[in-house]
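In the text below, chain A, chain B and the rest are named by the order of the sequence lines, each starting its count at 1.
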Amino acid sequence: MAHADLVASLREAGVNRGDLVALVVTPALGYGLAAAGRTWAVPGVAAEVGRADEALRPRWVTWSGQAAARLAADGVRLATGWDIAAAHRLLFGGWRADPGWAWARIRRLDTDAMPASGPPDLFGMDEGDGTDPVAPDGHLRPAWTGGGWADRPDRIARWAGLALTTAELQREALSGLEDRPMALPTVRAESTAELLCAELSADGLPMDRAVAERVLTSLIGPRPRSEAEAASLRAARDAEVLRHLPAGVTADLRSPVQLRTLLGRLGMDVPDTRAERLRALRDAHPIVGALLEWRKAERIATTYGYAWLDQHLGADGRLRGAWTGSDGAAGRMTASAGLHNMPAALRPAVVAAEGHVFVRADLGQIEPRVLAAVTGDPALTAATRDDDLYAPVAAQLGVDRPTAKVAVLGAMYGQTTGHGAQALRRLSTAYPVAMAYLDSADRAGQAGRDLRTYGGRLIVLTAAEPRSSSRAAAYGRYARNAMIQGAAAELFKVWAVTVRARCASLGARIVLCLHDELLVHCPGEQAQAVARLVDDCLREAAGRWAPGCGVRFISDTAIVRSWSDAKHGT
DNA sequence: GATTTCACGTA
DNA sequence: CGTACGTGAAATCC
């Protein structure tokens, strides 16, 4: 089939807006597509798929974010997707989501004998009936899951066909989930978030190298010109700490064991040498303060130093890492290259490109608001009408705001210590529906019963084997936290993909997602429009994620040149 | 050489 | 005795 006919072919096959169309991408031979029981092998013209997306707006089925990554590399940004790995993670939990595994689980095949997803077994494509991707036992053949489909057009098309049927089975399973009516829309958002992740990985975060180097210089000194110079700088930093020791006494500061022994010899008995522990001993010995300073610099030097910059900051001024749409637990996005844990000191280096700005928006008090939405607790829902949710909660409980905040957070995170006990009882009286929900999650965690978040994500707890009451309590905390964190992640992703869709025409691109914060990069003249759109998108997202819940979500939105720039309001 | 532990940054 | 992630170095396992 000539690629120019793609739109016509899909039309002829009866593809309408929102219909599932499977798409597999191989760099060498092009694309494979499947829809409505038909398959195509398409020579690799990325733009043609882009045109089909605009003309027909189907929902593109992919096995994983890899396809989206290849498309993004070709400059193609699809509107919506059905990501089999994302749907699988939501349905079944856990990290593993390769095609063979997703295929087996949705068909309830026996997975006990399945090999771990290791290096693919590439022989066997031609042995026996190896041309059939499905083995007699119903599993996908390793030769196919390992990429053996990518070398011939007919196999590429066949692979797309398998993706389509897998996605259809997933859709069916999601529709049948008891008490989780939002599972299907959630998977759609999660899938499109995978497209966003591919773009985040490809685009990177704008960063000013000169500013970054200045920050590093101020924290750890100038860039060492050689390995020897690096070593002597390191030694000089160590000496600042070691000079507090009596003559003849020394230790490797990088070794927690040696450090603990050393502190013991100086009369400070500590169970570990964490910063928080050391801070309490600041006045006990002059070495402690020096040690804390050393730790701070050492962290920057080893993890976020010049090597980090060289490794992840491209010549185009973009800091790139790998993004995944969902972690293995509650479903938050993850990013590598330090994008999610960059020290605040380096944020001034995150600067918009020439003529551009960032619209920086973060959700306020997202977790208690999400709790109100997923439980429908009327009193807590009423509290979300306030910009500061903790103010009405404090009034309701008859305590001050800090106490109210600690109590609410403690209830969501399972904190049992401190003087939260009494406030907790009052919480149960004031917000019985919300608190019962958390209690029930806690009990399920302790008992090892699986849970599903509001959007249907499976929280696996059956594997948990508590051998002590403290262990059981830990699973209880994990469970109640996962229900909140997971639901918050679901709302966040609906928000993010909405922003992605609505802002694209303004030349705006999301460049960072940080659990409850969006950083959108856009031309300066569009800043106001994008900022308004981001806020509108939050209302739209909340309305689609939890229709009619009545919960108010708020965003602190600001136009800034640098990520570190102060936000208005607070 | 691979895996676990410790520590610490972010939310 | 709030959880999640990614990371780097040391410690430990095999």
So [X], base contact, sugar-phosphate only, or nothing? Heavy-atom distance under 4.0 Å.
| X | answer |
| --- | --- |
| Ala474(A) | nothing |
| Arg347(A) | sugar-phosphate |
| Ala330(A) | nothing |
| Arg254(A) | sugar-phosphate |
| Asp362(A) | nothing |
| Ala335(A) | sugar-phosphate |

For [X] and [N], give me the distance from atom [atom1] to atom [atom2], rounded to whole Å.
| X | N | atom1 | atom2 | result |
| --- | --- | --- | --- | --- |
| Lys296(A) | dT10(B) | NZ | C1' | 16 Å |
| Trp495(A) | dA11(B) | CH2 | C1' | 14 Å |
| Glu298(A) | dA9(C) | CD | P | 8 Å |
| Leu278(A) | dC6(B) | CG | P | 15 Å |
| Ile300(A) | dT10(B) | CD1 | C1' | 12 Å |
| His515(A) | dT3(C) | NE2 | P | 16 Å |
| Trp308(A) | dT7(C) | CH2 | P | 12 Å |
| Met342(A) | dC8(B) | CE | C1' | 16 Å |

*asked:* By nearest heavy atom, map Ser470(A) and Tyr478(A) onto DNA chain C; which one lands nearer the 5' end?
replied: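 Result of the comparison: Ser470(A).
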
Out of [options], which nucleotide sits closest to the side chain of [X]?
| X | options | result |
| --- | --- | --- |
| Val257(A) | dA11(C), dG9(B), dA11(B) | dA11(C) |
| Asn481(A) | dT7(C), dA9(C), dT3(C) | dT3(C) |
| Trp95(A) | dG6(C), dA11(B), dA4(C) | dG6(C) |
| Ser336(A) | dC8(B), dG9(B), dG6(C) | dG6(C) |
| Leu514(A) | dA11(B), dA10(C), dA7(B) | dA11(B) |
| Asn341(A) | dG6(C), dA4(C), dA10(C) | dG6(C) |

Respond yes when some side-chain nitrogen or oxygen of [X] is under 4.0 Å from OP1 or OP2 of [N], and no when none is.
| X | N | value |
| --- | --- | --- |
| Arg299(A) | dG9(B) | no |
| Arg295(A) | dC8(B) | yes |
| Thr273(A) | dA7(B) | yes |
| Ser255(A) | dA9(C) | no |
| Arg477(A) | dG2(C) | no |
| Thr334(A) | dC5(C) | no |

*Would you kindly say whether Thr403(A) and Arg426(A) are connected by a side-chain donor-acceptor distance under 3.5 Å?*
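Side chains of Thr403(A) and Arg426(A): no pair found under 3.5 Å.
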
*Arg180(A)-Thr186(A) side chain donor-acceptor pair, cut-off 3.5 Å*: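 Distance-only check fails for Arg180(A) and Thr186(A).
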
*Going through the distances and angles, do Tyr306(A) and Thr217(A) end up as a side chain to side chain donor-acceptor pair (under 3.5 Å)?*
CA-CA 9 Å; Tyr306(A) 298 102; Thr217(A) 300; 3.1 Å; yes

*Aromatic plane relationship, Phe553(A) with Trp545(A) - under 30° parallel, 30 to 60° tilted, over 60° perpendicular*: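 If you compare the ring of Trp545(A) with that of Phe553(A), the planes turn out perpendicular.
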
*What residue among Thr453(A), Asn481(A), Asp450(A) forms side-chain contact (heavy atoms from CB on, under 4.5 Å) with Ile459(A)?*
Thr453(A)

*Is the centre of the His88(A) ring less than 6.0 Å from the centre of the Trp63(A) ring?*
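No, they do not, as the ring centres are separated by 6.0 Å or more.
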
_Does this structure show an ion pair linking Asp442(A) with Arg480(A), if we count only N-O contacts that are shorter than 4.0 Å?_
yes

